[in-house]
Amino acid sequence: MISAEAEPYAKAGGLADMVVGLSRALLKHGVDVRILIPCYSEVRKSTPLVKLLDLPHIKMGTQAYSAAIYVESHQTPPLTYFISNHELFDREGIYNEPASGEGFADNFERFNFFMQAALDALPRISWKPDLLHCHDSQTALIPAFLKLQRMAESFYQNIATVFTIHNVAYQGIFEAGKFPLTGLPPELFYPMSPFEYYGRINLMKAGILYADLLNTVSPTYAREIQENDEYGAGLAAVLRQREGKFFGILNGIDTIEWDPRTDRLLYANYSERDLSGKLVNKQQLQESCGLPVGDAPLIGMISRLVDQKGLDLLFRAKRELARLECQWVILGTGVARYHQMLQELAEENSGKFWVRFAFDNKLAHRIEAGCDLFLMPSRYEPCGLNQMYSMRYGTVPIVRNTGGLADTVTEFHPTSKKGNGFKFQRHAPEPFLEALHRALDIWRNRELWSQLVQNCMCQDFSWDRRASEYIGLYHKAIAQK
Ligand code: ADP
């Protein structure tokens, strides 16, 4: 696995969970999987490291960057390697300046260095993988490097590649003038070439076109981003060129970290057989948020506060929401506009609407456990993890019918008593409010509600199942080399 993130070392979002969750499950299936990530300063601070060896300098333009490879001094598999360069990675932040939230000005140099050094590292650690699994734009040039730059070196021949798109909206677009830094022949960059996109470099496009096989993190999102250019963020036609080589595989979740029976971050543990602890979590959560402790339905959200997540619906439906007898607990960080909007909702609905602007894992676990309902009104959602965590915690999801949300949530039908949540299609206040009303109606019917909670809690979202699908994909990629 070559990735910009891996939990617990460096995490900005779901990518970190996916890389490690999948790797652990692959190990159980007997795959010798190893992970390479950059050695950020947050890795150095939190992890005792030992230097394994120095790597050749990486030349970019007139400058040569030193490179070295580190491992954790006491490590449990999957073995993770950290590629270091002081100038490029010893700073706060993974992708962005912490103060401004803007991407680092030298991100192209940082991740180009990382990809080249990762490839250099393999023969030096005497480990030849059958396949490199690359994730997102930060590792998207690796398939091209293997095919166009390293093809004459026997070590790299026959290494297959799989490229996973975690979110097609983040493509890694850079000024054309940076292309020579890759060391690829400059004549490979021309209008409509695999590297070019409206006059600039597009790393994801190159990953899509050069990987042996590619996938994204749910079947519905795979379809959406090929069929609809808005979902495909300009790459729909490029993805369609890879028809037959492009797949959708749902992410799994870490069922050990997210287990209401053993979760140490909760106020009380519980299981589908005995839900009394869930009520304790609800009451404690209400109390800690300053909400009246009682039987009002409690709705949670945990989200990056960005356009993708569809939070504008809360604001657009705010008059109707104010009239409903429910409580809201919202946790998130993101862009200022949504902070303001949510702050306003909290002020206008005090005692009903609580919001916290932070990244807080403990509170996230407590929200999953303490709420009755969990809202994800995303405009698009490649896979989404929180709806799966919610179900495991007996918290019923209300979601927009898109991407991985569409693949994991099925509408609950009171007559058949089948289904595990509530869905709406159009991104507009009316369908959203209708789904919310359907959910609240079922919530008032104790018998139907407990059936629905049971349906949620017995879903299997473990990585074990998904690992088999990835192994199938890897075999296919290797077979076609
Ligand atoms: P995305 O990757 O688009 O942010 P996902 O649902 O796939 O969305 O994954 C987000 C992950 O980050 C989940 O594990 C979620 O619980 C966590 N998360 C997001 N925001 C916060 C927050 N403010 N505090 C704690 N955890 C958060």
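One is the number of the first residue; the rest follow in order along the sequence. First listed ligand is number 1; within each ligand, the first listed atom is number 1. As the structure is a computational prediction, the values presented were derived from the model and not from experiment.
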the protein heavy atom lying closest to atom 24 (N) of ligand 1 turns out to be Asp360 N, 3.0 Å
Tell me which protein heavy atom sits closest to atom 17 (C) of ligand 1, plus the residue, atom name and distance to 0.1 Å. Phe359 CZ, 4.2 Å
Is it the case that over 12 heavy atoms from other parts of the model lie below 6.0 angstrom from the NZ atom of Lys352? yes
Aromatic ring centroids of Phe163 and His135 under 6.0 Å? no
What protein heavy atom lies closest to atom 2 (O) of ligand 1? Include the residue and the distance to one decimal. Gly14 N, 3.3 Å
Can you spot which of Lys423, Glu411, Glu381, Arg426 makes a side chain to side chain donor-acceptor pair (under 3.5 Å) with Asn401? Lys423
For ligand 1, which atoms sit closer than 4.0 Å to a heavy atom of Arg304? 1 (P), 3 (O), 4 (O)
What do you reckon, does Trp258 have a nitrogen or oxygen under 3.5 Å from a nitrogen or oxygen of ligand 1? no
So is there a nitrogen or oxygen of Ala358 less than 3.5 Å from a nitrogen or oxygen in ligand 1? yes
Salt bridge (charged side-chain N to carboxylate O under 4.0 Å, His left out) between Lys178 and Asp106, worked out: CA-CA 10 Å; Lys178 303 230 180 212; Asp106 59 352; over 6 Å; no
If you measure from each non-hydrogen atom of Ile302 to ligand 1, which part falls under 4.0 Å: side chain, backbone, both or neither? side chain
Quick note on ligand 1: atoms under 4.0 Å from a heavy atom of Lys309 include exactly 1 (P), 3 (O), 8 (O)
Should we count CZ of Arg261 as having more than 12 external heavy atoms under 6.0 Å? no
Decide whether an N or O pair under 3.5 Å exists between Asn386 and ligand 1. yes
Please verify the inter-ring angle class for Tyr380 with Tyr221; under 30° counts as parallel, over 60° as perpendicular, anything in between as tilted. parallel
Could you check, using the six-membered ring where one of them is a Trp, whether His365 and Tyr389 have ring centers closer than 6.0 angstrom? no
Gly13 N/O under 3.5 Å from ligand 1 N/O: no
Can you confirm, on distance only, whether ligand 1 has an N/O atom lying under 3.5 Å from any N/O atom belonging to Leu331? no
Give me the nearest non-hydrogen protein atom to atom 5 (P) of ligand 1 as residue plus atom name, then the distance to 0.1 Å. Leu385 N, 3.8 Å
